[in-house]
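Have a look at the structure below, then the notes.
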Amino acid sequence: MASNPYTDLPPLASSSNGSGASSKEPFFGCIPRKVSAEKARAIMDADLNPFTKQPFTPQYKKILQVRRKLPVYAQMTEFFRVFNENQIIVMVGETGSGKTTQIPQFVCYSDLPHLRGKMVACTQPRRVAAMSVAKRVADEMDVPLGKQVGYSIRFEDMTESGTTFLKYMTDGMLLREAMNDPDLSRYSTVILDEAHERTLATDILMGLLKALAKRRPDLKIIVMSATLDALKFQKYFGLKKDVPAPLFKVPGRTHPVEVFYTQEPEPDYVEAAIRTVLMIHRAEDPGDILLFLTGEEEIEDACRKIKQEAEDLMSQDPDSVGPLVCTPLYSSLPPMQQQRIFDPPPPPRTPDGPPGRKVVVSTNIAETSLTIDGIVYVVDPGFSKQKVYNPRIRVESLLVSPISKASAQQRAGRAGRTRPGKCFRLYTEKDFMKELEEQTYPEILRSNLANTVLELVKLGVKDLVKFDYVDAPAPETLMRALELLNYLKALDDDGGLTDLGGIMAEFPLDPQMAKMLIVSPEFNCSNEILTIVAMLSVPNVWLRPANMRKESDAAKQLMTVPDGDHLTLLNVYNNYMNNKGDRNWAWNNFLSARALLQAENVRAQLQRSMERFDIDIVTTQNENKLYLNVRQALVCGYFMQVAHKEGEKNAYLTVKDNQVVGLHPSCGLDTHPDWVIFNEFVLTTRPYIRTVTTVKPEWLLEYASNYFDLSAFPNGETKRALQAVLKKQTNTSVETDSRKAKKARRA
DNA sequence: GCATCTGAG
């Protein structure tokens, strides 16, 4: 075996503060990665915190009692053995095994990162998880959060350099760190948690870590996942061909869930779902119900109907049916209303009457992100909205699609968290077996990869097609991304990173947006583009309550700038900032205070990045001039998202892709201009473009001459229109030339 | 004349 600078260190001889006595150093005699589970257990059970050298508090001892009952704890000896002997391991731990809190601690007891100036990282797909787990583990280790144990997420770094040795972080955050330190040299061990969720960031990290493991034999990697994917990851991470990475498996601790199927396929899943919920309410024992539907409107609609029918039932038969509360749950719901899912079920109407019940109607946010205690019944119609990507027209859209078996299992599991439960699947067992995919398609196969490709190039990946992906994206997806980055001048013709591309990659933005922000000082409007980019990076700011459509539309009209929706966003933000003193301003104007605050945060973060790269923040005083400048800067980023009006009314054709689209009804333009630039293409009842601003064709030819090279343009209305502009320009310049000539002669 | 599943930087 090759010599290893990390593990070949001698055993620890004295405490780090130098005072020497072995009794003061709990890790006395320990060699990193050769610590036995017995030794670690002895230190945990002793009285001195080995990381702070302070006595353990009574609180620590109390929590330790609870930790000892976790399934992972029972397998500590085996874990230490596997960890100490292998560079990469795959770990399977079902819900309730305690893997997320315990494994990283075990790793610290073996790795001793604090004595080597290293850290252990544990990634999470979601920010809330990173924060809450870090808090819990800090308590378990008897240290203050942000000291020895911390977390790092966008906008918040709760770590202390030199002190923190166990860091929970979002997967995206570790990917960002890798861009500036491709060897992840700060870490001795990296743990990827929830790898089965296959987020884009986790997928890329898996590829990077697999390659990094060869460069850094001292780096240990643990991939934690659900059962179904374990073998796939074992094979992928096998260091030699045909030798899979070792598996460490811990059982979960959940209650059994009985699964029921329908006899026949249900033609209308919403109707069937409502019927099933009411059936449970009438016939089943007490316990709350979780119903999965696909979107906001569907959920609100179902809630209304369930409420209505439950009331009808109650009035028909008050002695046998208890009260029912129905609560919607989706991400755009204000946090206050999201909290309502944790309310207890309603009490019986009379002391001995039938008990009340709570129904939560949710998107798949309740599948992974939010856990509701007390759920005993799950109703699963088998659908969710999923992102799909069409590389040919470079469009991501949301489609209601059947879920995967893994997803169905996850949903069913939600019924067994507190006691045995039941899951009602509104499809046949045969369909479950034969029609559903095993796994949800990983995100990397369903996304526009422009951003990812830029990140990979920045990470030093030379050949994107040959990169060792867990699942390789379609070559066309990669080609389309490379093409876009080349047009934006982020990559040169050989696929190499340009200086501009290097800066673009540093911004947490899509490449088009990063480009337009970086060039905006040339148009004297970086202050405004910065705002627009921030507004485009947060959820929709407009509120449109079902019972106040007219009022909210009128409020929006007051803030609309007729030249374009981008300018309207700018106007909204400026008004928001000018009215900060008025707490009700956002609400009174039918705007989301939450989204606006988020925009403010994003804007501040981007501003710091701009300062780091010396990108000036400049503006223009004259408003007309300013708006003109902004519209030109937009072209520099979004020249590939241009549509040209065809014929009458609301019919547009996207340039080059030739998709027939309409302006989205939310669009604020007061006319139908010939040329527009758009931020988004959405496929709903028909194809629409959303967030639209008018541009001049001359700008397209001037600021994106490569893309609008007419000799390589498909024939059609658009080409003819651009040729006409070009001809006019040439004529004018001939005119000016002749005038110049006259002038010269006169002189 | 319409609707945004979820998560990340």
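In what follows, chains carry the letters A, B, and so on, assigned in the order in which the sequence lines appear, proteins first and then strands, with residues in each chain numbered from 1. Computed from a predicted model, the values in this text were never measured in an experiment. Side-chain atoms are counted along with the backbone in the values below, which use heavy atoms only and exclude waters and symmetry mates.
Close to B/dT4, at under 4.0 Å from its OP1 or OP2, lies no side-chain N or O of A/Y330. Here A/T294 does not reach the OP1 or OP2 of B/dC5: none of its side-chain N or O atoms lies under 4.0 Å away. Taking side-chain N and O atoms only, A/T170 has no distance below 4.0 Å to OP1 or OP2 of B/dA8. Distances shown here put a side-chain N or O of A/R127 below 4.0 Å from the OP1 or OP2 atom of B/dG9.
Sorted by residue number, the members of residues 380-390 of chain A with any non-hydrogen atom under 4.0 Å from DNA chain B read A/K385, A/K387. DNA chain B lies under 4.0 Å from at least one heavy atom of each of the following residues of residues 440-456 of chain A: A/E443, A/N451.
Across B/dC5, B/dA8, B/dG9, the shortest atom-to-atom separation from the side chain of A/E296 is found for B/dC5. You'll find that the side chain of A/T363 is closest to B/dT6, out of B/dT6, B/dG9, B/dC2. Residue A/Y688 places its side chain closer to B/dC2 than to any other of B/dA8, B/dC2, B/dT6. Distances were taken from every side-chain heavy atom of A/R690 (C-beta onward) to each of B/dG9, B/dT4, B/dA8; the shortest belongs to B/dT4. Distances were taken from every side-chain heavy atom of A/I365 (C-beta onward) to each of B/dT4, B/dG9, B/dG7; the shortest belongs to B/dG7. Of the candidates B/dC2, B/dT6, B/dA8, B/dT6 carries the atom nearest the A/N364 side chain, counting heavy atoms from C-beta on.
Inspection of the A/R198 and A/Q439 side chains reveals no N or O donor paired with an N or O acceptor under 3.5 Å.
For A/D499, the CG atom counts as loosely surrounded, since its 6.0 Å shell holds 12 or fewer non-hydrogen atoms of other residues, nucleotides or ligands.
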